[in-house]
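This report concerns only the one structure given below.
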Amino acid sequence: PKQSRPVMSDSGNLSSAHVALLPASGMGHLAPFLRLAVSLLTHNVQVTFITTHPTVSLSESHTLSRFFSAYPQIATKQLHLLAFDNPSAISEDPFYIQYEAIRQSSYLLSPLLSSCSPHLSALITDMSLASTVIPVTEALGLPNYILFTSSAKMLTLFLSFHTTIGSRARSNSDEVIGVFKIPGLQPLPKSWIPPPLLSDTVSLLKTHIIENGKEMTRATGILINTFEELEQESLAALNKGKIVKGLPPVIPIGPFAPCDFERSQPLSWLDDQPEGSVVYVSFGSRTAMSGDQIRELGKGLLRSGYRFVWVVKEKKIDRDDDKELGELLGHGFLEKARGIGLVVKQWVNQGEILGHRAVGGFVSHCGWNSVTEAIWYGVRVLAWPQHGDQKMNASVVDRNGLGIWMENWGWGGGDLVIKENQIAECVRKMMSSESLKVQAAQIGETSRTAVEVSGSSNRSMFELIETWKTSQ
Ligand code: UDP
Ligand code: UDP
């Protein structure tokens, strides 16, 4: 049923906050925007959700339709994307091409935002769209918040990259010892930096990080799906002006909880497994693994002796993933795995799996949503970063004692294939570690406290909403 408006705020006053949300493409960007929208609703904020069509993946379109049917009180607007010539010349990655399409169509947002009724208090948009969306909201006099969908650790790199490597102002000594210096923080191993950023070749990732990183100081605020207790050091450096001067407040409001509308068909197989006995293996929504690595991983899981649920992805986009599992996994694998492991190719409800009592560990690529979900459910992690921001995120996992990270496994997709023995050994190490189990459970509890009534993230959210109401 439609919610009647105006709604009452927490303090009993009439609420006038109305916020529009504009995500970028890919489930890793969409999911946190949807969860934020739900959280805003529960804080009595009116929400308009802006979508772009068509979506790159089927999972995005399915999730959006479930979301809109679960929340009919959320208004929706469509941003019609302009076509541009020869998209494959700018990137081979369809998700990046879509960021670019949204960026190039950003000026069309102006009439769309002006037509929202009642008047908007703010727009919240994705960090990949910052430099093209901020000018639009500035011209409208509309506060603009960036939702950074990765870790605060990654935000320190995102904001400073254009002043360091991005501007070519690197020192020879750093080059030799293989470190990367972010102002105000300990130097990082260079191997943690997404490789396209270090390469001389032009890539959209690099261009976007430079362009958006430069313009972030013009945002009204930067919202982030993390919490004080998890990333204290990075957050303090950001908010004390150590990374970039003149940065707007970085406001940790996480972790975002997985929502009911995301639930799909539960995996009933899990119900029959003993508590904490199952390893969940997934590399997120957009990471394809080579056939060789997939087969080695399969053998490694069998050899580990643990039960497993494994989501296999051989293609970056779900609609392209058409190979039969049997063919992909190699002869006889599925027979050997019968009763021990469940291998799927389709979209699963990760929140439901991580929250299941049978699941005791997570082999993860460390996409930031996956990390925050592991935290939320208190599940220990074997970090196996593949691309992009994932090593920066893995370092947060490692540092907080949430899991183990074999740094020498490198990035995914290269020539290096991690062998079954190594995989089996690390899975056993993670699953048998009582200290990791205890620590993960503790971080989980702390994370839930952060979003409870007097928790750090909940307080930040409350203050943010108050600002929107008073600026009306
Ligand atoms: N996800 C899911 N089912 C799947 C694959 C992914 O629910 O089969 C969700 C996962 O829970 C997370 C998001 O998709 O919320 C993926 O985001 P993440 O940042 O972990 O990684 P990315 O896909 O962006 O690499
Ligand atoms: N990649 C990925 N998931 C990510 C980030 C990157 O699968 O979260 C892939 C990306 O699709 C590309 C490769 O890693 O195939 C290198 O990324 P890059 O940013 O260079 O992509 P580009 O912009 O050059 O297409």
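In each ligand, atom 1 is the first atom listed, and ligand 1 is the first ligand listed. This is a predicted model, so every value here is computed, not measured. Side chains are part of it too, since the values below use all heavy atoms of this structure and drop only hydrogens, waters and symmetry mates.
In this pair, Phe308 and Phe333 present their aromatic rings tilted. The plane angle is within the 30 to 60° band.
By the 4.5 Å heavy-atom criterion applied to side chains, Ser105 and His80 are not counted as neighbours.
Interface of Arg35 with ligand 1, defined as ligand atoms under 4.0 Å from a residue heavy atom, comprises 15 (O). Residue Gly28 approaches ligand 1 through these ligand atoms, each under 4.0 Å from one of its heavy atoms: 17 (O), 24 (O). Near Gly284, meaning under 4.0 Å from one of its heavy atoms, ligand 1 places the atoms 23 (O). Heavy-atom proximity to Trp368, at under 4.0 Å, picks out these atoms of ligand 1: 19 (O). Set against the non-hydrogen atoms of His365, the atoms of ligand 1 under 4.0 Å away are 20 (O), 21 (O), 22 (P), 25 (O).
Using a 3.5 Å distance cut-off with no hydrogens or angles, the side chains of Trp411 and Gln390 do not pair a donor with an acceptor. For the residue pair Thr220 / Asn144, no side-chain donor-acceptor distance below 3.5 Å is found, with atom types taken as modelled.
Between Thr287 and ligand 1, not a single N/O pair is under 3.5 Å apart. At a 3.5 angstrom cut-off on N or O pairs, Met27 does not count as close to ligand 1. At least one N or O atom of Asn369, backbone or side chain, sits closer than 3.5 Å to an N or O atom of ligand 1. Looking at ligand 1, you won't find any N or O of Ser282 less than 3.5 Å from one of its N or O atoms.
Taking the ring axis of Tyr96 as reference, the NZ or CZ atom of Arg286 stays within 45° of it and closer than 6.0 Å to the ring centre.
Looking at His29 against ligand 1, nothing comes within 4.0 Å, counting heavy atoms.
With respect to Arg459 and Glu452, no salt bridge is recorded, no charged nitrogen being found less than 4.0 Å from a carboxylate O.
Looking only at distances, no side-chain donor or acceptor of Asp389 sits under 3.5 Å from a matching main-chain atom of Met392.
Atom CG of Asp415 sits in a sparse spot, with 12 or fewer heavy atoms from other residues, nucleotides or ligands closer than 6.0 Å.
The heavy atom nearest to atom 7 (O) of ligand 1, out of those in Asn393, Val371, Leu34, Val348, is found in Val348.
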